[in-house]
Amino acid sequence: MHLAKNGSFAVVPLAATEQHGPHLPVYTDSMICEYVVSHSIQKLSGIMSALMTPVLTIGCSQHHLNYGGTLSYSTATYQHMLYDITESLVKCGFRKIIFLNGHGGNAQIMVQAAQDAAVRHPVWTAAASYWNLAKPALDDLGAEEVGLVPGHAGGFETSLIMALDPELIKGSAIKHDHPVNDWMRAEGSFIGKHGELTGIDGFTDSPDKASAEKGRQYLDVIVNAVSAWMLELQKTMTAG
Ligand SMILES: [Zn+2]
């Protein structure tokens, strides 16, 4: 309550519990999202006041349900859940609410929920997926060299988990020479193919080129990009 009354931001990390190929943990997206949001807020301590809510560790992962280890809300339930979370935060007194996303399946619903909340209430809202905010910096680093960015359980996410907790990776299960669906690189439009929305066999590209060193570099530029975005939001939302 106190933070809310002082004009603090509420930052809601949106993540998932879902299969991540044969080698990564099911809470890959939740681990990455928690790291990114908590470190971005830490980086801004003393500069802006932001409260991180608990990570929403279950997301909209319907397209992963054919594989083991996936817990998912349906699209409609996820939309309602974000509605309820937003209503709770507004009731607490928060007037600046940010969704920071770490799982592709949540993205469209998240943006809709953020827009709807700003229609219903006299609040500011904002929403973004970390890989979009960090895209220029990740491009500069040449992150595509390890695979699709972000892809799913490919070289990129494997690098991030190698940096965060390598013991969670089942090295013996790593599949090599995994085919990439080039249509997954489409930007600005959606292309879907039944049974391959997660990539072939549940992951998008081979993790062969992943490394902890690269993962650490990627996490650094992601945290920089997310914290820079939050700082911009503070300027925008306190000026208006
Ligand atoms: Zn993931």
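When reading the values below, keep in mind they use all heavy atoms of this one structure, side chains included, and skip hydrogens, waters and symmetry mates. In listed order, ligands and their atoms are each counted from 1.
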Tell me, please, if E18 has any N/O/S atom, main chain or side chain, under 2.8 Å from the Zn ion (ligand 1)? no

Of the backbone and side-chain N, O or S atoms of H20, does one lie nearer to the Zn ion (ligand 1) than 2.8 Å? yes

Output yes when a side-chain donor or acceptor of H152 lies under 3.5 Å from a complementary backbone atom of Q19, and no otherwise. yes

Report yes or no: do H64 and S72 form a side-chain donor-acceptor pair below 3.5 Å? no

Test of understanding: with side-chain contact (heavy atoms from CB on, under 4.5 Å), list the residues that count as partners of C60, not counting sequence neighbours. Q62, T75, Y78, N106, I109

Quick one: report the N, O or S atom of D29 that is nearest to the Zn ion (ligand 1). OD1

With the Zn ion (ligand 1) as the reference point, give the N/O/S atom of E157 that is nearest. OE2

For residues 35-45, the side-chain hydrogen bond (donor to acceptor under 3.5 Å, both in side chains) pairs (sequence neighbours left out) are K43-N224

